[in-house]
Amino acid sequence: MRIDIITVLPEMLDSPLNYSIVKRAKEKGFAEIHVHNLRDYSTDKHRRVDDYSFSKGAGMVMAVQPIENAIESLKKERAYDEIIYTTPDGKLFDQKEANILSLKTNIIILCGHYKGIDQRVRDLLITRELSIGDYVLTGGELAAAVITDSVVRLLPGVLSDETSALSDSFQDNLLSPPVYTRPAVYKGLKVPEILLSGNDKLIDDWKYQQAVERTKKLRPDLYKKFTGETD
Ligand code: ADE
């Protein structure tokens, strides 16, 4: 899978996408991630990418020209399955969305900034608008990093069997069960007896039960989805 990220702050993406599983996925050739500086596509002599809003007092808006140039120049090289815009008013990103994106071949993620992008970019060029939560970030870079990280770890071969994404929280609308390591007793708190039993079937049943109970208690909204009460 190839992910092209368009941003005014490429440096912000250096760190989050160069460690751990994402780094390994790139090294092993499962994922290609390219970060593009939007300013490189500006025809303005000062490399400006924003302009004043037509609505008074609404702050600066990212202009059509550099974004269109950036997207069109990428599209000339290959076909893209999705052109995503990260924005707080987008659809809430979740594990289901990550699963869908992990099946794509080439995607572009455009990071929002300032007071947003010219609506005509959204109308004409963007195929998916995603928010990572109901709060406002300084820009879309962290959102792009979150989306990329969660998608890349789902690509076949990236995770080992042991860390398989199938057992992640949210995959069945269930949170993960609690986990323990040594020591078996810590400050008087014992690891649940069943985990020391060596009986895989009983342990699996217990883990499932714990996942269901945790979800019911901590995330009643998710629990409803799990039981099929809502979509
Ligand atoms: N840009 C600013 N805030 C954002 C959010 N919550 N999700 C995605 N992009 C954003």
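Hydrogens, waters and symmetry mates are skipped; everything else that's a heavy atom, side chains included, is used. Both ligands and their constituent atoms are indexed starting at 1 by order of listing. None of the values given here were measured: they were computed from a predicted structure. We number each residue from 1, following the sequence as shown.
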Can you confirm, on distance only, whether ligand 1 has an N/O atom lying under 3.5 Å from any N/O atom belonging to Val136? no

If the contact criterion is a heavy-atom separation under 4.0 Å, does Gly139 count as touching ligand 1? yes

Measure the distance from atom 9 (N) of ligand 1 to every protein heavy atom, then report the residue, atom name and distance (to 0.1 Å) of the closest one. Thr87 N, 3.2 Å

Are any of the heavy atoms in Pro88 under 4.0 Å away from ligand 1? yes

Starting from atom 6 (N) of ligand 1, locate the nearest protein heavy atom and write down its residue, its atom name and how far away it is, to 0.1 Å. Tyr135 O, 2.8 Å

Name the residue from Lys75, His36, His34 that meets the side-chain hydrogen bond (donor to acceptor under 3.5 Å, both in side chains) definition with Asp4. His36

Below a 4.0 angstrom heavy-atom separation, can you tell me which part of Leu130, side chain or backbone, both or neither, approaches ligand 1? backbone

Paired with Glu82, the side chain to side chain contact (heavy atoms under 4.5 Å, CB included) test is passed by just one of Leu130, Asn106, Ile109, Thr127, namely Thr127

Checking contacts here: is it the side chain or the backbone of Ala143 that comes within 4.0 Å of ligand 1, counting heavy atoms only? Could be both or neither. side chain

Do Ile3 and Val152 come within less than 4.5 Å of each other through their side chains, counting heavy atoms only? yes

Heavy atoms from other residues, nucleotides or ligands near NZ of Lys104 exceed 12 (cutoff 6.0 Å): yes

For residues Asn173 and Phe226, report the shortest heavy-atom separation together with the two atoms involved. O-CB, 3.7 Å

Before accepting this row, confirm whether a basic side-chain N of the pair Asp94/Lys96 lies closer than 4.0 Å to the acidic partner's carboxylate O. no

